[in-house]
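Have a look at the structure below before the remarks.
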Amino acid sequence: MANDGPVSVLFKLYCLGVMATITASYSVAVRYTRTTGQAQYVSATAVFTAELIKLLLSFCMMAKETGLRRLGSSIVEHVFIPKELLKLCVVSVLYALQNNMTFMALSNLDAATFQLTYQLKMPCTALCSVYFLRRPLSARQWISVMVLSAGASLVQWKPAEVTPGAQNALVGFGAVIVAVLCSGLAGVYFEKVLKSPHMTTSLWVRNIQLYLSGTLITFTVVFMWEANRTMILEKGFYFAYTPWVWLVVGLASVGGMYASVVIKHTDNIVKNFASVAASLIATVASVLLFGLHINLIFAFGALLVCASICLYALPKNTCKLSRPASDEEESMV
Ligand code: C5P
């Protein structure tokens with residue numbers, strides 16, 4: 001199955017817009033489900049269900065590409081390649097960890113703080129891009145990454161929201177750090193596999209390979225913890241699933257599919273810019289929904305984050321410090 005061809009700028013903007021909107025709605029919705037209602041659902045079941053839905057959706061997309069009659073033979077021919085499955089399995093493990101940590105973070109931090117601190121994935125992704133994809137950054141871009149980190153740390157000082165007793169900010173920040181590391185590594189490694197010049201496999205084949213192992217891994221994670229096992233055996237797999245929780249699962253599924261399209265047609269760093277736009281939407285949503293108060297330190301941190309994004313996004317040739325990309329680097333983009 002050949003790799004899909006180039007797409008229009010309009011289509012890229014559409015995918016970025018949808019993904020950013022879903023990212024913003026996702027963190028607000030998760031936060032809402034974790035802080036309201038008497039009974040709590042097992043968050044690992046939501047991560048598993050989203051993975052399963054993405055797998056089914058990817059089969060549908062592949063069937064659309066190959067036609068229903070050739071689907072079976074195409075799967076046998078292109079999906080079940082042990083070496084490729086193993087590579088995508090590494091990505092699945094990282095994403096499974098990231099997605100579970102995201103729930104832990106959002107159970108302990110408010111949506112806006114989560115979104116802004118989670119932007120630390122920018123420098124992490126940049127470092128991974130330099131190391132794994134050999135895409136050097138200009139001095140200006142590194143400075144913007146540093147400013148971004150400073151802005152994100154200022155945001156962590158925000159004493160705006162009164163944290164209920166059951167929440168632990170330290171656990172929340174720890175979970176964010178693990179999620180950030182996994183996001184950078186998984187995203188860049190997935191991009192490397194997807195855009196390898198020697199492999200011209202379709203995005204949907206790659207996604208099926210990713211979600212096959214992802215489904216197995218996230219299912220294992222559900223039953224890894226004694227508390228989860230007891231609760232599921234006593235109350236059922238989908239206990240306390242309100243329409244809001246199903247919305248969270250839906251957003252994670254569709255958002256993940258769009259993230260893969262964005263990684264394919266742009267790159268992980270561009271994907272992160274879109275997520276930052278989402279963080280601003282989340283801040284507004286938190287003010288409206290949870291009565292979040294924004295103080296000056298928070299506002300300054302947010303400003304630094306925005307400035308660094310603009311600086312990073314400036315075209316390379318406007319900066320004298322940057323050197324022209326070599327043919328090899330260009331061919332990787
Ligand atoms: O926070 P970040 O942008 O790294 O999150 C990416 C999300 O997209 C993860 O939840 C991951 O599971 C999802 N994804 C996906 N399929 C891909 C790549 C990422 O579902 N091919």
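Side chains are part of it too, since the values below use all heavy atoms of this structure and drop only hydrogens, waters and symmetry mates.
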Mark yes when over 12 heavy atoms from residues, nucleotides or ligands other than [X] sit less than 6.0 Å from its [atom1]; otherwise mark no.
X: L10; atom1: CG; value: no
X: F223; atom1: CZ; value: yes
X: R229; atom1: CZ; value: yes

May I ask you to test the [X]-[Y] pair for a side-chain heavy-atom distance under 4.5 Å?
X: Y189; Y: L94; value: no
X: F237; Y: V42; value: no
X: M101; Y: C182; value: no
X: S202; Y: H78; value: no
X: L57; Y: Y211; value: no
X: L247; Y: Y32; value: no
X: V261; Y: F11; value: yes
X: T21; Y: S25; value: yes

Donor-acceptor pair, distance only, cut-off 3.5 Å: does the side chain of [X] make one with the backbone of [Y]?
X: Q40; Y: T33; result: yes
X: R135; Y: S129; result: no
X: K195; Y: I263; result: yes
X: N100; Y: A96; result: yes
X: N99; Y: V47; result: no
X: N108; Y: V171; result: no
X: S92; Y: L210; result: yes
X: T218; Y: T215; result: yes
X: Q209; Y: L88; result: no
X: R31; Y: L106; result: yes

Inset, instruction - Tell me whether the guanidinium CZ or amine NZ of R34 lies under 6.0 angstrom from the six-membered ring centre of Y41 and within 45° of its axis. - result: yes
Identify the two heavy atoms, one from [X] and one from [Y], that lie closest to each other, and give their separation to 0.1 Å.
X: K121; Y: S183; value: CD-OG, 3.4 Å
X: V222; Y: A44; value: CG2-O, 3.4 Å
X: S253; Y: A50; value: OG-CA, 3.5 Å
X: G255; Y: I22; value: CA-CG2, 3.6 Å
X: M19; Y: A259; value: SD-CA, 3.8 Å
X: A105; Y: G172; value: CB-O, 3.7 Å

I need the [X] [atom1] to [Y] [atom2] distance, nearest 0.5 Å.
X: L311; Y: C306; atom1: CG; atom2: SG; result: 12.5 Å
X: L296; Y: L303; atom1: CG; atom2: CG; result: 11.0 Å
X: K54; Y: I208; atom1: NZ; atom2: CD1; result: 13.5 Å
X: E84; Y: C89; atom1: CD; atom2: SG; result: 13.0 Å
X: L212; Y: E51; atom1: CG; atom2: CD; result: 10.5 Å
X: L185; Y: Y131; atom1: CG; atom2: OH; result: 11.0 Å

Legend entry - Intermediate values then yes/no, side chain to side chain contact (heavy atoms under 4.5 Å, CB included), W204 and M257: CA-CA 10 Å; W204 307 116; M257 299 290 284; 3.4 Å; yes
In terms of hydrophobic clusters joined by side-chain contacts under 4.5 Å, are [X] and [Y] together?
X: L85; Y: I217; answer: no
X: L181; Y: V130; answer: no
X: V91; Y: V262; answer: yes
X: I232; Y: M224; answer: no
X: Y14; Y: V254; answer: yes

Legend entry - Verdict with reasoning, T102 to Y26, per side chain to side chain contact (heavy atoms under 4.5 Å, CB included): CA-CA 11 Å; T102 302; Y26 178 73; 4.2 Å; yes
Inset, instruction - Could you tell me whether E191 and K264 make a salt bridge, using a distance below 4.0 angstrom between a side-chain N and a carboxylate O? - result: no
Legend entry - Sequence neighbours excluded, every pair satisfying ring pair (Phe, Tyr, Trp, His ring centres under 6.0 Å) that has a member inside residues 90-126: F114-Y118
Inset, instruction - Using salt bridge (Lys or Arg N to Asp or Glu O under 4.0 Å) as the criterion, list what pairs up with E234, not counting sequence neighbours. - result: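 Listed in chain order: nothing, the list is empty.
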Legend entry - Distance-only polar pair, side chains of S260 and N207, donor-acceptor under 3.5 Å: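 The criterion, which ignores hydrogens and geometry beyond distance, is satisfied for N207 and S260.
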Inset, instruction - Not counting sequence neighbours, list each pair that qualifies as a side chain to side chain donor-acceptor pair (under 3.5 Å) and has a residue in residues 239-248. - result: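 The answer is T45-Y241.
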